[in-house]
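Report on one structure; see the data block that follows.
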Amino acid sequence: MPLHTIISGLSTDSDRQKFHFSRRSLIPSKKNALWQIESGFVMTYTYLEDGTTVALGLWGPGDIVGEMLSKIKPYCIECLTNVEANILAADNLQQFTDALLQHIHQAEELMLIRSHKKVESMLIQLLAWLSNKFGSQVETGRLINMRLTHEDLAALVCSTRVTITRLLGQLEDEGVIDRMSLNRIIVKKENIWYYEI
């Protein structure tokens, strides 16, 4: 389906060209346009022939995503929350360059997280990274309010949902995290520091 057909069916704020997407919907992709996230969070991902999801990145307000920033096919942009985004023409070279550098930096950070030998270490590093990049300070630590499912976390560290569920329970028992409703997590900074050494 052409992008203009998809976009015409979306809810839009005509004054600012904001498009509204619901949680778990896919943002349409186009080769010569990018999306700037105004509010909410998205995950970019691809999948392998066997159906395994491979996370490419997590993005929030101010971040720019789009197929032209990747050579991976298929390239999917899934809303983790309700999302407002603007479509950008790719004619602004500076904006495109900044977005490309941001994607490279995040890819390197995720590559470093995934380089740990144990899934537990990968998960701890991922939670620390998420709390630093997207978290907000609360009384007991930093709240990751992205509503990431165990399957989302598994895709980010190349593991299984069952393993992530077990490890999150273990980290909660150890007092490293608090799990809240709607898949929100509080990372307790004073208890995670020894895992980051």
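Scanning both residues, Leu69 and Ala99, for their nearest heavy atoms gives CD1-CB, 4.1 Å. In plain terms, the two heavy atoms of Leu34 and Gly66 that are nearest each other are CD2-CA, 3.9 Å. Residues Ile27 and Cys79 share a closest heavy-atom pair of CG1-SG, 3.7 Å. The two residues Gln102 and Ile64 come nearest to each other via the heavy atoms OE1-N, 4.3 Å. Among all heavy-atom pairs drawn from Ala85 and Phe21, the shortest one is CB-CE1, 4.3 Å. When all heavy atoms of Phe41 and Pro61 are compared, the closest pair comes out as CE2-CD, 4.0 Å.
Separation of atoms CG (Asp178) and CG (Leu143) is listed at 10.5 Å; rounding is to 0.5 Å. Rounded to the nearest 0.5 angstrom, Ser25 OG and Leu80 CG are separated by 10.5 Å. From Asn82, atom CG reaches atom CZ of Arg23 across 8.5 Å, with rounding to the nearest 0.5 Å. The CG atom of Leu171 sits 9.0 Å away from atom CG of Asp173, with the distance rounded to the nearest 0.5 Å. The CG atom of Leu127 sits 6.5 Å away from atom CG of Leu153, with the distance rounded to the nearest 0.5 Å. Rounding to the nearest 0.5 Å places CG of Leu167 at 9.5 Å from CD of Glu174.
Listed by chain and number, the residues in a side chain to side chain donor-acceptor pair (under 3.5 Å) with Lys73 are Glu67 (sequence neighbours excluded). In this structure, Thr81 has no side chain to side chain donor-acceptor pair (under 3.5 Å) partners at least two apart in sequence or on a different chain. Partners of Asp152 by salt bridge (Lys or Arg N to Asp or Glu O under 4.0 Å), not counting sequence neighbours, listed by chain and number: Arg24. Not a single salt bridge (Lys or Arg N to Asp or Glu O under 4.0 Å) links Glu38 to another residue, sequence neighbours left out. Judged as a side chain to side chain contact (heavy atoms under 4.5 Å, CB included), and not counting sequence neighbours, the contacts of Thr52 are Leu48, Asp50. For the side chain to side chain contact (heavy atoms under 4.5 Å, CB included) test, residues two or more places apart in sequence or in another chain that qualify with Ile104 are Leu100, Glu108. Residues satisfying the side chain to side chain donor-acceptor pair (under 3.5 Å) criterion with Arg184, sequence neighbours excluded, are Ser181. Applying the side chain to side chain contact (heavy atoms under 4.5 Å, CB included) criterion to Gln137, with sequence neighbours excluded, gives Arg142. Annotation: side chain to side chain donor-acceptor pair (under 3.5 Å) contacts of Glu109 (sequence neighbours excluded): Trp129. Residues meeting the side chain to side chain contact (heavy atoms under 4.5 Å, CB included) test with Ser121, sequence neighbours left out: His116, Lys118.
The ring pair (Phe, Tyr, Trp, His ring centres under 6.0 Å) pairs that include a residue from residues 149-174 number zero, where partners must be two or more places apart or lie in different chains. Screening residues 42-88 for ring pair (Phe, Tyr, Trp, His ring centres under 6.0 Å), with sequence neighbours left out, gives Trp59-His103.
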(Q) Go through it in stages, so that I can follow the logic: the residues are Met122 and Lys117, the test is side-chain contact (heavy atoms from CB on, under 4.5 Å), and I'd like the CA-CA distance, side-chain angles, deciding distance and then a yes or no. (A) CA-CA 8 Å; Met122 284 189 265; Lys117 301 281 188 244; over 6 Å; no

Q: Report the C-alpha separation of His20 and Val83 in whole Å, then their side-chain angles, then the decisive distance to 0.1 Å, and conclude whether the side-chain contact (heavy atoms from CB on, under 4.5 Å) test is met.
A: CA-CA 6 Å; His20 303 271; Val83 170; over 6 Å; no

Q: Apply side-chain contact (heavy atoms from CB on, under 4.5 Å) to Ile164 and Val157, showing your working.
A: CA-CA 9 Å; Ile164 296 303; Val157 295; 3.8 Å; yes

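Using a 4.5 Å cut-off between side-chain heavy atoms of Ile, Leu, Val, Met, Phe, Trp and Tyr, with links allowed through other members, Leu126 and Ile186 fall into different hydrophobic clusters. Cluster membership check: Val138 shares its hydrophobic cluster with Met180, using side-chain heavy-atom separations under 4.5 Å among Ile, Leu, Val, Met, Phe, Trp and Tyr.
With Met43 as the partner, the side-chain contact (heavy atoms from CB on, under 4.5 Å) test is satisfied by one option alone out of Val65, Leu56, Leu156, Ile77: Leu156.
Contact annotation: the side chain of Phe134 approaches that of Leu58 to within less than 4.5 Å [non-hydrogen atoms, C-beta and beyond]. Residues Leu130 and Ile185 have side chains not in contact (no heavy-atom distance under 4.5 Å, counting atoms from C-beta outward). A heavy-atom distance below 4.5 Å is not found between the side chains of Asn183 and Leu148. Taking the side chain as every heavy atom from C-beta outward, Leu123 and Glu120 never approach each other to under 4.5 Å.
Salt bridge Glu151/Arg161: absent, no basic N to carboxylate O contact under 4.0 Å.
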